[in-house]
Amino acid sequence: MVTSDVRVRYAPSPTGTPHVGNIRTALFNWLFARHHAGKFIVRIEDTDQERRVEGAEEAILDSLRWLGLDWDEGPDTADGPFAPYVQSQRRQLYQDAAERLIESDDAYRCYCSSARLDALRERQTKRKAPTGYDRKCRNLSQEERAEVEASGAAPVVRFKTPLTGKTTFEDAIRGLVTWENRLIDDFVLLKSDGFPTYHLANIVDDHEMRISHVFRADEWLASTPRHVLLYAAFGWDPPIFAHMPLILGADRSKLSKRHGAVALLDYSEQGFLPDAMLNFLALLGWSLDDKTTVMSREDLVNGFTLDRVVASPAIFDVEKLSWINGVYIRELPTDQFAEAALPFLTSGLPGDVPRPLDWSYTREVCELVQDRARTLHEITELADFFYTGGVEFPLALVWVGMGDKQLKRRVDEGADLSDEPVPEDAPVVTGWLEAAERRLIELDREWTAERVEEALRSLVPEIDSSTRKLFGALRVALTGRTAAPPLFETMEVLDRAICLERIGRALDRLREGHQRQRIDSAKATPTSD
RNA sequence: GGCGCAUUCGUCUAGUGGCCAAGGACAUCGCCCUCUCAAGGCGAAGAUCGCGGGUUCGAAUCCCGCAUGCGCCGCCA
């Protein structure tokens, strides 16, 4: 691959932990850079001292690292060609730039108080007039200027936006976008605390850092004309702009905290795989062709082109993410899957399960649940019965396991079966399980799935049961649930002693339950009246 | 209120004037496989391409208007 002049950047503000929309923008930048063998730069835009959040910068970098988006220059590359990559450390640059603009008469100092500005905005809103600065300080005379300066008010620097004409630029995704200059007010470049606003710092840095393409979220489209005007005032060539469609919540509004998990790292905690997330995020606003969904990192890099990025916003669909995640989970080599699962099991299993978890046992368990998990987080509930001392279940669940339609429907409807009377045919079922127990006791060496299956299968015709019923009953007795990994593999992993113990326990409860019912019905039988 | 951007199955999307009475994927439903659940296979249902005008022999695709949604209009980014 040849290196190109492509230099793109991800420029977040450290105001919190980045959400998926934000990271999707980073991803498209990264994909573009890698596709063109260019550079991907991370620049921290911390010019707002008040919104600064402790630890946010690390959260940003961690998010990028989790997804595997590596950067060529960034806050941690002190020796980068354009270091530092943190705006608060580059203040002089912006101040000099602002000064230049004042000298060339493209900017001016404004002494208006926030109170005045607030009142102004309020009046404009009330009149339903467009809001914006009224340019009071734009043409101050020498005397007026001297007067306000003497009062000690700390000024801001504002851009002297052209009063007439139009600003046009080509957005790589949306085409030609035109703005009337008279609609753009004299925006602030340098705040009274000496820090630059986004508009100034962004332009200065993008120019200084030789950024070739600016890919950012759609919400920036409306301020791009200002940026174009600034480039012109400085006499610089603007980069190519491309505004990415927004990512929306299920209710079509901009993704925010009330939509639940929105931070990228929340998904890491929920057991989503970085590669799956990468794949999914890439498909939000971009497509390779008319049919490809699952793509490797390499496919993504090779196939990513700007002309296939759409302009309309997309809803974040966790269902599809989960599906893709399942695909990636299934593709993992078992060892890798087990390794990924281990921390989730360790933290998710009940406290009385001894830690650390046995590795080789966990690996066997993971082999059985791998195909069934859509997230790593789910593994705990899929596999807990492999670890807990015993299993608990309402006795009637055995019948659900055997395929009792009525009971099954009630369970599906959320019914609690704990007080459900034991069905009439309990003695028959008890007999089956007793036969199974005897058969398994005879199987005193070589406890493998094959041998267990052979033993149990041959039993079925002998006791006049069916595979569905016998195996279903055993499944509930052994796992406490009606849906679980294949029975015989499960039994092999669980091992003989545990299986026998659980079957024995189920049998005890079955006899006891049936017994009690007979007593109850005897009691209930009216002897008089 | 002004300005801007967007508008194809529930969702993500394909589509750049005829190959589209619109293709794929997720979700949904059905069947097969089967010891259950998954996975897998097969199939169904689901979009008068926001609406209305135009241009054209022909429009989801081009133009205009409207509607709706979203974004911006801060000494926030």
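Side chains included, hydrogens not; waters and symmetry mates left out as well; all remaining heavy atoms used. Here is the naming used below: chain letters follow the sequence lines, and residue numbers restart at 1 for every chain.
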Looking for any heavy atom pair under 4.0 Å, which part of the strands does A/G326 touch: base, sugar-phosphate only, or nothing?
->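 Nothing, no nucleic acid heavy atom in range.
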
Touch class at under 4.0 angstrom, heavy-atom based, for A/P486 against every strand present | base

Which residues satisfy the salt bridge (charged side-chain N to carboxylate O under 4.0 Å, His left out) test with A/R451, sequence neighbours excluded?
-> none

Where along residues 90-99 of chain A does a heavy atom fall under 4.0 Å from RNA chain B?
-> none

For every nucleotide of nucleotides 69-77 of chain B, 5' to 3': is a protein heavy atom under 4.0 Å from its base (B), only from its sugar-phosphate (S), or from neither (-)?
-> -SSSBSBBB

Under a 4.0 Å heavy-atom criterion, the protein footprint on nucleotides 22-31 of chain B, written with B, S and -, is -BSBSS----

Nearest to the side chain of [X], which nucleotide is it out of [options]?
X	options	value
A/S312	B/C35, B/U7, B/C5	B/U7
A/R475	B/A14, B/U36, B/G4	B/U36
A/R330	B/A38, B/A14, B/A39	B/A39

For [X], give me all partners under side chain to side chain contact (heavy atoms under 4.5 Å, CB included), at least two apart in sequence or on another chain.
X	result
A/S13	A/T15, A/E45
A/E50	A/D48
A/D193	A/K191, A/F195
A/E99	A/I102, A/E103, A/R109

Counting only distance, no hydrogens or angles, is the base of B/C35 paired donor-acceptor with the side chain of A/R468 under 3.5 Å?
-> no

Give a yes/no on whether any side-chain N or O of A/R182 is located under 4.0 angstrom from OP1 or OP2 of B/C3.
-> no

Of all pairs that satisfy salt bridge (charged side-chain N to carboxylate O under 4.0 Å, His left out), the ones with a partner from residues 175-186 of chain A, not counting sequence neighbours |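 Residue pairs with at least one partner in residues 175-186 of chain A: A/R135-A/D186, A/R138-A/D186, A/E180-A/R182, A/D185-A/R226.
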
Who pairs with A/F386 by ring-ring contact (aromatic ring centres under 6.0 Å, His included), at least two apart in sequence or on another chain?
->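 Scan of A/F386 (ring-ring contact (aromatic ring centres under 6.0 Å, His included), adjacent residues dropped) gives none.
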
Would you mind writing out the side-chain donor-acceptor pairs for residues 118-125 of chain A within the sub-3.5 Å range, not counting sequence neighbours?
{"from": "A/D118", "atom 1": "OD1", "to": "A/R121", "atom 2": "NH2", "distance (Å)": "3.0"}
{"from": "A/Q124", "atom 1": "OE1", "to": "A/G132", "atom 2": "N", "distance (Å)": "3.1"}
{"from": "A/Q124", "atom 1": "NE2", "to": "A/G132", "atom 2": "O", "distance (Å)": "2.8"}
{"from": "A/T125", "atom 1": "OG1", "to": "A/R121", "atom 2": "O", "distance (Å)": "2.7"}

Quick test: give all pairs of protein nitrogen or oxygen and nucleotides 62-67 of chain B nitrogen or oxygen below 3.5 Å, distance rounded to 0.1 Å.
none

